[in-house]
Amino acid sequence: MDIVTAQEMYEWDQVAIKSAGIEGKILMESAGRAAADVIERRIPEHHKVVVLIGAGNNGGDGFVIARTLLNRGYEVEAWQVAADEKISGDAIVHKEIFLASGYSLFQLNDWDALTQSLEKADVIVDAMLGIGAKGPLRSPFNEIVELVNKQNSCRIAVDLPTGVPADEGIEEFDGVRADLTVVIAALKMSAVVQHTRPFYGEIEMVEIGLPVRKLRHPERLVWQRHDVKRSLPERMTNSHKGSHGKGLMVGGSDLMPGSIAMSAKAALRSGAGLLTVATAKEVIPSVSSYVQEATFLAMSETAGKITGHIKDDLQGFDAAAVGMGLGRHPEAQELIEELLEQIEAPLLIDADGLFHLKELFDKVAQRPYPTILTPHPGEFARLLGKPIKTIMQSPFAYCRSFACKHRVYLVLKGPATIITSPEGKQRVDLTGNAGLAKGGTGDVLSGILLAMVLQGGSILDGISNGCFIHGTTAELLTDEQHAMRDLLATDVVEGLSQTFRTFS
Ligand SMILES: NC(=O)C1=CN([C@@H]2O[C@H](COP(=O)(O)OP(=O)(O)OC[C@H]3O[C@@H](n4cnc5c(N)ncnc54)[C@H](O)[C@@H]3O)[C@@H](O)[C@H]2O)[C@@H](O)CC1
Ligand SMILES: Nc1ncnc2c1ncn2[C@@H]1O[C@H](COP(=O)(O)OP(=O)(O)O)[C@@H](O)[C@H]1O
Ligand SMILES: [K+]
């Protein structure tokens, strides 16, 4: 599922119109009818519907929706909330068809009448502004949005809630708070950005007949189950443990032995062939009792934290992960530096491993092997030296420029996890739920990601699959045996079996 900016969406429309000969008014008819189908499926026939219609193409969709629902017997009041002379483009055509079909239109001459109409409505359809909205809402839209948000009725937005910017990066705005948004043809960026996402409510996407093969797809999409099914490496019948990768995991300390333990178990539960855990000597017994399948490298330690070097040969590993429960002591920086220089394979850096990384960016960029960083927003903000709020307002742009500049794969974790390749390709994982908002779930993710990288295929596919599997496991667990409140990171580790079974 593509994620587009307003500009990219307009380019698609132009391809449809100019290259494929699908006129704008046909696209509008398709969009409006598809949205009406969604609305019809969601509401009982006796419900009173008010459709609020703006001047541009979003308003045009509104004329089609109102006409279609009226044709199908719904009680609909269609309100044109822009002046007659402002109605533009294909919306003019659909206004004429609406009127010529024998239906009447309410005009915004009398605020009391609109207020009464909205108060009586069971459903308010917002077809006022879509991707064309620019700047703060002007009158009367600002007043109408306020009025709409006060109602108890169900609010259904067309394409995007009026007032919400389509793109990332806009902090100040006021918008319709929709219960459901019928998204046309592709997700707009703001549908997955933290501060704009809540305005959309539930999201349902409709297809409007765009010529998909002719479109220039942005390298930005939602990673879905069918993508995982297609790209998850198969386990061959005659494989042996070496076929599935030999992994190294470095981390753990006396006060955080659980992190590396959960990462290690998650990696093994996700298919890693062989796993060696390098950790402080005194930490080994607690980790090994939880992960009996792993082997260990005892690292020298000071006050329960790894301080020494890895003396073992680092050549034989197919991938490594470092940072989980490592601690933020100065010696950790030397360890990360050593791994960046010596691991001749993909290296994933998480948690405390990211703490000193700002000092090591040169080493990261120089690596001829893939480096994968998995920060949460706080860790990413630290790496960038910018406030979390600033980054989370434009996460796609920040992730892209960071990943390209430092030549890394970046996994910015959250309810919408953004995965970026060093070339700037972006994938969003929308799986998971607030059950994962707990300490330790990031460690589990690191383990899963290491295992995915170990098992071959492209790194970008592997880490995208890992994020999907992590989130889907939480969903399966909270659907069945757990509530979001009680779900633990260790439950996610054990729940992986259930998820993998759905892929076999
Ligand atoms: N061929 C197409 O382009 C298609 C477009 N579609 C719909 O068209 C929408 C985009 O249409 P438009 O480009 O006409 O844009 P919009 O309909 O989103 O908005 C344009 C109108 O809003 C006004 N406006 C902009 N910013 C404003 C503000 N801050 N306060 C008050 N008024 C403001 C403009 O003056 C203009 O009248 C999409 O979101 C989608 O719903 C669909 O019908 C499918 C086909
Ligand atoms: N509300 C949420 N919805 C979906 N996923 C979430 C949510 N909160 C957290 N997660 C996921 O849980 C994990 C948390 O990772 P992280 O913050 O590193 O935790 P920790 O360091 O405690 O292990 C990430 O994969 C993140 O995407
Ligand atoms: K809208």
Side-chain angles (χ1 to χ4, degrees), residues 6 9-10 12-14 16-17 22-32 34-35 52-62 64 82-83 86-91 94 125-142 145 156-166 173-176 178 181-185 188 206 208-210 258-259 262-263 323-325 350-352 354 374-379 411-417 429-446 448-449 466-467 470-471 474-475 484 489 492:
M9 191 65 218
Y10 282 127
W12 281 15
D13 288 336
Q14 286 312 302
I17 295 165
I22 310 171
E23 288 178 50
K25 58 192 174 198
I26 296 178
L27 291 174
M28 196 171 277
E29 177 75 14
S30 307
L52 298 173
I53 300 171
N57 288 334
N58 196 257
D61 297 345
V64 179
K86 292 256 173 82
I87 306 288
S88 61
D90 296 322
H94 283 288
V125 177
D126 158 27
M128 293 183 282
L129 298 179
I131 58 174
K134 286 195 184 63
L137 284 175
R138 296 188 294 273
S139 184
F141 295 98
N142 50 355
V145 165
I156 302 181
V158 180
D159 204 18
L160 63 162
T162 289
V164 176
F173 65 89
D174 195 14
V176 165
T181 299
V182 183
V183 170
I184 297 171
K188 314 303 173 293
V206 292
I208 61 164
L210 293 175
S259 296
M262 288 188 287
S263 289
M324 299 73 70
D350 183 37
D352 292 338
L354 299 168
T374 58
H376 56 57
E379 289 161 342
V411 178
L412 177 61
K413 297 180 287 193
T417 293
D429 167 46
L430 295 176
T431 65
N433 56 44
L436 288 173
K438 290 214 182 93
T441 53
D443 302 316
V444 174
L445 179 70
S446 295
I448 300 171
L449 298 186
C467 291
H470 180 252
E475 288 173 11
M484 285 190 218
V492 178

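As the structure lists them, so they are numbered: ligands from 1, and atoms in each ligand from 1.
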4.0 Å protein heavy-atom contact status of atom 21 (O) of ligand 2, strictly under: no

Proximity flag G440 to ligand 2, non-hydrogen atoms under 4.0 Å: yes

Heavy atom of protein closer than 4.0 angstrom to atom 4 (C) of ligand 1: yes

Proximity of N57 to ligand 1 by residue part, where a heavy atom lies under 4.0 Å: both

For D350, all residues meeting salt bridge (charged side-chain N to carboxylate O under 4.0 Å, His left out), sequence neighbours excluded: K413

Residue selection (non-hydrogen contact nearest atom 23 (O) of ligand 2) among G442, A434, G471, S446: G442

Angle, O of V158 through the K ion (ligand 3) to O of L129 - 10° precision: 110°

Closest candidate by heavy atom, reference atom 2 (C) of ligand 2, pool N433, L445, L354, L436: N433

The K ion (ligand 3) to D126: nearest N/O/S atom name: O

N, O or S of M128 under 3.4 Å from the K ion (ligand 3): no

Option of least heavy-atom distance to atom 35 (O) of ligand 1 (set: E23, K188, R138): R138

Element-labelled atoms of ligand 1 that are located less than 4.0 Å from some non-hydrogen atom of I184: 41 (O)

Shortest protein contact, atom 2 (C) of ligand 1 (heavy atom only): D13 OD2, 3.2 Å

Heavy-atom nearest neighbour of atom 16 (P) of ligand 1 within options G130, G60, G89: G130

Proximity winner for atom 18 (O) of ligand 2, if only heavy atoms of M262, H470, K438, K413 are counted: K413

Closest candidate by heavy atom, reference atom 40 (C) of ligand 1, pool V64, I22, D61: D61

L160 near the K ion (ligand 3) via N/O/S, less than 3.4 Å: yes

Close approach, L137 and ligand 1, non-hydrogen under 4.0 angstrom: yes

Non-hydrogen atom of K134 closer than 4.0 Å to ligand 1: yes

Ligand 1 contacted by G54 (non-hydrogen, < 4.0 Å): no

Contact partition for A82 relative to ligand 1, non-hydrogen atoms under 4.0 Å: neither

